[in-house]
There are 2 protein chains.
Amino acid sequence: MYQIGEVATMAKVSIRLLRHYDEIGLLVPSGRSEAGYRLYGHSDLQHLQQILFYRTLEFPLEEIQRLMSAPGFDRHAALLQQRELIRRKAQELGAVLDLLEQTIADIDPGVQEKNTMSTQQMFEVFPDMKQEYQDEAQERWGNTAAWKQSAARWKKYTKTDMERMKQEMAHVYGQLEKVFAAGTRPDAPAALAAIEAARLMSDKWFYDCPKELHVKGTEWTSSDERFVRNIDKNCPGLATWMHQAAKANLHP
Amino acid sequence: MYQIGEVATMAKVSIRLLRHYDEIGLLVPSGRSEAGYRLYGHSDLQHLQQILFYRTLEFPLEEIQRLMSAPGFDRHAALLQQRELIRRKAQELGAVLDLLEQTIADIDPGVQEKNTMSTQQMFEVFPDMKQEYQDEAQERWGNTAAWKQSAARWKKYTKTDMERMKQEMAHVYGQLEKVFAAGTRPDAPAALAAIEAARLMSDKWFYDCPKELHVKGTEWTSSDERFVRNIDKNCPGLATWMHQAAKANLHP
DNA sequence: GTTAAGGCCTCACGCAACGGGAGAGTCAAG
DNA sequence: CTTGACTCTCCCGTTGCGTGAGGCCTTAAC
């Protein structure tokens, strides 16, 4: 367990930043000392590292928070994606470099050759960092309306809300795993009950989720390796089974 | 002459940003239409490009403004420096990439090998963007105290102040050039008067500038090719001559 | 014992760099 | 002469922290 100052020097960030991340719930230290000192464990450090990776990609903090505490978040997959995005960012920097070279060449030859560079050229490569990468993350999720709603709701959740949500989720997924592990067929009543509970949870915490959308949702998660790996962690095949159950639940 | 919207689409920035840059005096369009519409000329576009380069390097706007309207600012030199800095930034990104690879490798092997990565390693490479590059720009200037004071003063200057300053500077440099062009020796009374005027101007607009510091200042500018090129633009040898005059002015 | 030096805590305000309206004038086209 | 696309000037809101102020904890030195 490290104190806040140690973490700050290790990660070369300010103490204030760590406190800020605690305030907004992005990185809540896993313990407190008797005197109220923040105590960070090793998992917190991993968390922080993740956050810093996202930050180099200029993700807004809120986005980072949503991503990292999303139901299907998988560290390994996230790292792979980040690698990809950082590669792309490096390429962009390369483009800027090229533009610089060009610009230099354009005004270099001695006194004052006429500017041969078109106004289009002049600005072609500047990174529009604002969205770019986030959009990518969203595409994977597919539906934008639902996404936005989810994002909007997250804003309002307090820490206690989050706690409650986590508990509910654990319970619902526990049920699903139990039913699935028992070999229940996805159109059996017990399966339908469990999947319905999952749907209602999505509806409550994330976005309006009618049965049709839930079918879609389970389809995505069962076809995206990142989610599958996480959902199937304890129960291989669960993701697909959930999708089938959701379909069966359409016409009970 | 382009309207604000055209510039915005060309440079892929928001209209609001352009207005903001106008407000803070960073990029004041070179004209206005009768109706008060901002009109941007080609030089404004060049200016904007410069600004965007600096912004990719995450220079604070105020810094950019100071640099670009500094007495000895030279576009070509600036471009060269920016190239260097962007190269460095690309390297940093590369380092982050390496760290990502390492981290991935560290948790990849199947189930759960123990984390072999030290906490130091975990954070070694994250760019401390805050200062880094600006410091570089400052080093060139040498004296930090004077620099800071200069920076502090700039904050308070209004546009009209800037106008007045430009006029004064033009006048003082005009005098210097005239005296110099006449072949006056740097220790002649006319030279001393002109250099003293220059010193007082520095003192007034930039930072407390006793004669000793002015000697230093002229020494820097006469040994830094970027300034020399600008000062000597019309009068080759002026920078060095000013340095000598400043020395002579120590003991008039 | 106490006292001084760090490190930590919680407010709380401040700041940069814009985003996003509101309300109103301008300008070409139909 | 009106409509739609642009533009203008306020002015308030937001994100991601920086920077104290004022006060408690802990340790090491006098």
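Since this is a predicted model, take the numbers as computed values, not measurements. Labels below follow one simple rule: chain letters A, B, ... track the order of the sequence lines, proteins then strands, and each chain is numbered from 1.
B/Y21 contributes atom OH, which lies 6.5 Å from atom CG of B/L26 (distance to the nearest 0.5 angstrom).
Straight-line distance from the NE2 atom of B/H20 to the C1' atom of D/dC12: 15 Å, rounded to whole Å. Atom-to-atom, CG of A/L18 to P of D/dG16 comes out at 15 Å; the value is rounded to the nearest Å. Per the geometry, CD1 belonging to B/I51 stands 17 Å off P belonging to C/dA16, to the nearest Å. Protein atom CZ of B/R16 is 13 Å distant from nucleotide atom P of C/dA17, rounded to whole Å. For B/Q65 and C/dA16, the CD to P distance is 12 Å, given to the nearest whole Å. Atom CD of B/E58 and atom P of C/dA16 are 17 Å apart (whole Å). Nucleotide C/dC18 holds its P atom 5 Å from the CG atom of B/L61, rounded to whole Å. Between B/L26 atom CG and C/dA16 atom C1' there is a gap of 13 Å when expressed in whole angstrom units.
Distances shown here put every side-chain N or O of A/S14 at or beyond 4.0 Å from the OP1 or OP2 atom of D/dC17. For B/R55 and C/dC18, the shortest distance from a side-chain N or O to OP1 or OP2 is below 4.0 Å. Distances shorter than 4.0 Å separate none of the side-chain N or O atoms of A/Y21 from OP1 or OP2 on D/dG16.
Salt bridge A/D98/B/R83: absent, no basic N to carboxylate O contact under 4.0 Å. Under 4.0 Å is where a charged nitrogen must lie from a carboxylate oxygen, and between B/E23 and B/R38 no such pair does. A salt bridge links B/R87 and A/E101; the closest N-O separation between the charged side-chain nitrogens and carboxylate oxygens is under 4.0 Å. Classification of B/R66 and B/E63 as a salt-bridged pair holds, one side-chain N sitting under 4.0 Å from a carboxylate O.
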B/S/- contact track for nucleotides 5-10 of chain C, protein heavy atom under 4.0 Å
--BSBB
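Taking the side chain as every heavy atom from C-beta outward, B/L48 and B/F53 never approach each other to under 4.5 Å. Using a 4.5 Å heavy-atom cutoff, the side chains of B/I86 and A/V96 are in contact.
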